[in-house]
Amino acid sequence: MLADKEQQASIDGLNQRFKATRVNGRLRIEVAPGTEVGTIGTPLLTKVAVDGQVDQILGGTLPVETGVELPFADAVKALADAYSNDDALEPTPSAACGDCQFKATAWPVPGEPRSGFHECWSQKFGWQEEDFAQGTVLDLWYFTGKTKLIAKGVLKPSQVGMEDLGFDGQPTGLAGMTRKHRQWYVCHPDWPGGGEFFFDKAGFLDASSKWKFPLHCIDFETSAVAIPFVKGRRPYEMTAFQFSHHIIAEDGRIEHRSQWICTEPGVDPNVGFVRALKDALTGDEGTIFRWAMHENTVLNQLRAQMLRDPQAPTDLAELIAFIEHITVRQGEDKARIVGARNMIDLCEIAEKFYFHPFTKGSTSLKKVLPALMRSSPFLRDAYGGLTYGGPGMSLNFEQPVAWWQIKDGEVVDPYRLLPPVFEDVSVQELEAAEAGLSELREGGAAMAAYGRLQFENMSQTQRGAITNALLRYCELDTLAMVMAIQTWMSLGRSEQC
Ligand code: SF4
C-alpha cells in the first residue's frame with residue numbers, strides 16, 4: 001500500500017489522528033480514538049502490485065562477503081547463520097561506508113561504544129588512528145566513484161590523482177569552480193594564490209555586478225507530509241508555513257525587514273504565505289536571494305496548487321504573476337521560463353567562487369557559515385560585539401546578540417548560540433520526523449515543530465515558546481545569507497584577494 005499523490009484528503013485534521021512517537025527507541029504510531037474507515041474520509045492509500053520486483057529480488061543474488069555472491073535465499077541463510085552464531089563477516093568496504101550505521105565520529109577510546117566503521121577499515125586496510133585523522137575518500141563531495149577508488153586502494157584524499165576525478169587541472173574562468181575543482185581542492189589544497197581558503201574574486205565581482213540594491217535574502221520553512229493536515233491537500237503536498245526576509249541596503253545597513261508564520265491548527269497557510277511574501281518583496285526591484293532550489297520549488301508547487309484549486313482566491317492573477325516574476329519554471333513544452341526578477345541562488349555563488357577546506361567541499365549553508373565565521377575579519381568586526389538586535393534591525397532579538405564568539409579557541413557555530421532549539425519539542429518527535437528524510441534533515445526541526453503545533457492539546461505558553469523558537473531560527477537562516485554576502489563583498493573590496 002502506497003500513498004496516492006493524486007487523492008485529496010476529504011476531511012480536516014487527518015494527520016492529527018496519527019501521532020508518531022518513540023517507545024523504547026522504536027517508532028510507534030498512536031491512533032486517536034474513533035479513527036475508523038468511516039471517519040477518515042477518502043482513502044489516501046492505493047494498492048500497487050510489486051510481484052515483478054519481488055520475483056526479481058528472489059531470483060537474484062546478494063553479496064555476502066568479498067568475492068562471495070550467493071543466490072538470494074542462500075545469502076539470507078548465510079547472513080542469518082552468521083548472526084545467530086555471532087560470527088563477524090569479512091568487511092566489504094565501499095561507498096556505503098559513508099552512511100555506515102555503526103560509525104563513531106572519531107577513533108573510540110576504551111570504555112566508549114565500539115565503532116564498526118573503524119573496526120572494518122582497520123581490519124581490511126590495517127588502518128591506525130592517525131590514518132583516520134587524515135580523512136577518507138568517503139568525504140569527497142558529490143563524487144560517485146568512491147567504490148571504485150576504494151577497490152583500487154585509493155583510500156585517503158591525499159592519494160587521489162587527477163585521473164581518478166576526471167579533472168583536467170584547468171584553472172577556473174569567470175564561470176568559477178566546477179565540481180571537479182572543488183573535489184580536487186578537498187584532496188589537494190593547491191588552489192590559486194594559496195592561503196586558508198580560495199575566493200574567486202574576479203568571478204564573484206562579475207556575477208555580483210548585476211545585483212540591484214536593496215538585496216533581499218529569503219528563506220522558507222515548509223512541511224510535506226504523507227498524511228495531509230487539512231482537507232483538500234494531497235499526500236506529500238507542499239505546506240509553506242513560514243518565511244524570513246532580511247535586506248542589505250546599498251550603504252551596508254542590514255535589517256530583518258519582514259517575517260510571516262502561520263501554525264494555527266487546521267488552517268491551510270499556503271495562499272496567505274504567497275500573499276505576505278508578495279507584500280514583502282514588491283516595494284522595489286532589488287535582487288532576491290535564496291540558498292539552493294528549495295524556495296523556487298516551493299513557489300512553483302504553490303502556483304500549481306492555486307491554479308487547480310476550485311476555490312481560487314480573488315487575487316489569484318496577482319499572486320500567480322508575482323510567483324512567475326521571481327522564479328524559474330518549466331513550461332508545458334519543457335522549455336525554461338525565467339522570471340524577470342528570478343531569484344539568485346547563493347548556494348551556486350558559493351559553489352563557484354568560494355572554497356574553504358573546513359566545508360570539505362560542501363555548499364550547505366550550515367557548513368559554509370562556520371567556515372566564513374572562522375576566516376572572515378569582516379564578520380569578526382561586525383558581529384564580535386553586541387551589535388545585532390533591537391528595533392530597526394531585528395524582529396525577534398530584542399536584546400543585542402554577539403554572533404561571532406570564540407570558545408576553546410574556536411569560533412562558535414552561530415546556530416549553537418541559540419537557546420536549545422525547540423526545547424518544547426521532544427527528541428523523539430524530531431527523530432520521528434527526520435527518520436528517512438535525510439535530505440530534509442536541516443529543516444527537520446522546523447518541520448517537526450510545525451507538525452506538533454497542528455496538535456491542539458498544547459497550552460498557549462508552549463505554543464508561544466515553539467513559535468518564538470521557529471521565528472528566531474528562521475531569522476538566523478536569512479542572517480546567515482546576509483553574512484555570506486557581506487563576507488564575499490568585503491573580499492571583493494580587499495586588495496589582498
Ligand atoms: S564500515 Fe559499515 S558499511 Fe562499511 S563494511 Fe563495515 S559495517 Fe559495512
Side-chain angles (χ1 to χ4, degrees), residues 22 24-27 53 56-58 60-161 164-165 179 183 186-187 357-362 364 366-367 427 430-432 434-442 444:
R22 264 176 206 271
N24 299 331
R26 300 191 81 114
L27 185 64
Q53 286 86 342
Q56 209 177 344
I57 292 168
L58 293 178
T61 59
L62 268 187
V64 175
E65 292 187 85
T66 313
V68 185
E69 185 110 4
L70 296 176
F72 182 80
D74 296 343
V76 170
K77 184 163 184 325
L79 293 171
D81 288 346
Y83 182 73
S84 344
N85 301 331
D86 210 15
D87 286 341
L89 294 166
E90 191 195 328
T92 51
S94 69
C97 300
D99 290 324
C100 181
Q101 301 169 55
F102 313 106
K103 190 183 207 172
T105 46
W107 182 267
V109 292
E112 281 189 0
R114 293 165 62 190
S115 170
F117 169 72
H118 290 85
E119 289 184 19
C120 284
W121 280 53
S122 296
Q123 183 186 335
K124 191 78 184 174
F125 305 122
W127 272 28
Q128 301 297 317
E129 185 174 359
E130 53 276 19
D131 294 300
F132 289 100
Q134 293 170 42
T136 74
V137 289
L138 298 170
D139 294 335
L140 276 179
W141 178 75
Y142 263 99
F143 183 65
T144 51
K146 294 174 192 172
T147 297
K148 277 192 192 148
L149 287 186
I150 293 169
K152 73 181 223 189
V154 176
L155 306 174
K156 296 177 187 172
S158 59
Q159 297 169 328
V160 175
D164 292 320
L165 298 176
R179 289 200 170 152
Q183 289 161 353
V186 169
C187 301
F358 189 68
T359 63
K360 292 190 175 160
S362 164
S364 148
K366 302 285 191 296
K367 290 276 177 0
V427 171
L430 289 179
E431 284 175 357
E434 290 180 1
L437 289 171
S438 57
E439 76 278 14
L440 290 176
R441 198 166 293 279
E442 286 171 358

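Quick note: numbers below take in every heavy atom, side chains included, and nothing from hydrogens, waters or symmetry partners. Order of listing sets the numbers, starting from 1, for every ligand and every atom in it.
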Between [X] (side chain) and [Y] (backbone), is there a donor-acceptor pair under 3.5 Å?
X	Y	value
Thr147	Ala95	yes
Lys146	Leu138	yes
Gln123	Cys120	no

Original post:
Are there protein heavy-atom neighbours of atom 8 (Fe) of ligand 1 below 4.0 Å?
Top reply: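 Under the 4.0 Å cut-off, atom 8 (Fe) of ligand 1 has no protein heavy-atom neighbours at all.
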
Subject >> Residue Cys100, metal atom 4 (Fe) of ligand 1, N/O/S under 2.8 Å >> reply: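 Of the N, O and S atoms in Cys100, none lies under 2.8 Å from atom 4 (Fe) of ligand 1, which means no.
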
Subject >> Spacing of CG belonging to Leu62 relative to CG belonging to Leu70, to within rounding of 0.5 Å >> reply: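 If I round to the nearest 0.5 Å, the distance is 8.5 Å.
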
**OP:** With rounding to the nearest 0.5 Å, note down the distance linking CH2 in Trp127 to CG in Leu155.
**Re:** 5.5 Å

Subject >> Per-atom contacts, ligand 1 versus Phe117 - under 4.0 Å to a heavy atom >> reply: 1 (S)

**OP:** Give the residue, atom name and distance (to 0.1 Å) of the protein heavy atom nearest atom 6 (Fe) of ligand 1.
**Re:**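 Here the nearest protein heavy atom works out to Cys120 SG, 2.3 Å.
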
Original post:
Side chain, backbone, both or neither: which part of Cys97 has a heavy atom under 4.0 Å from ligand 1?
Top reply: both

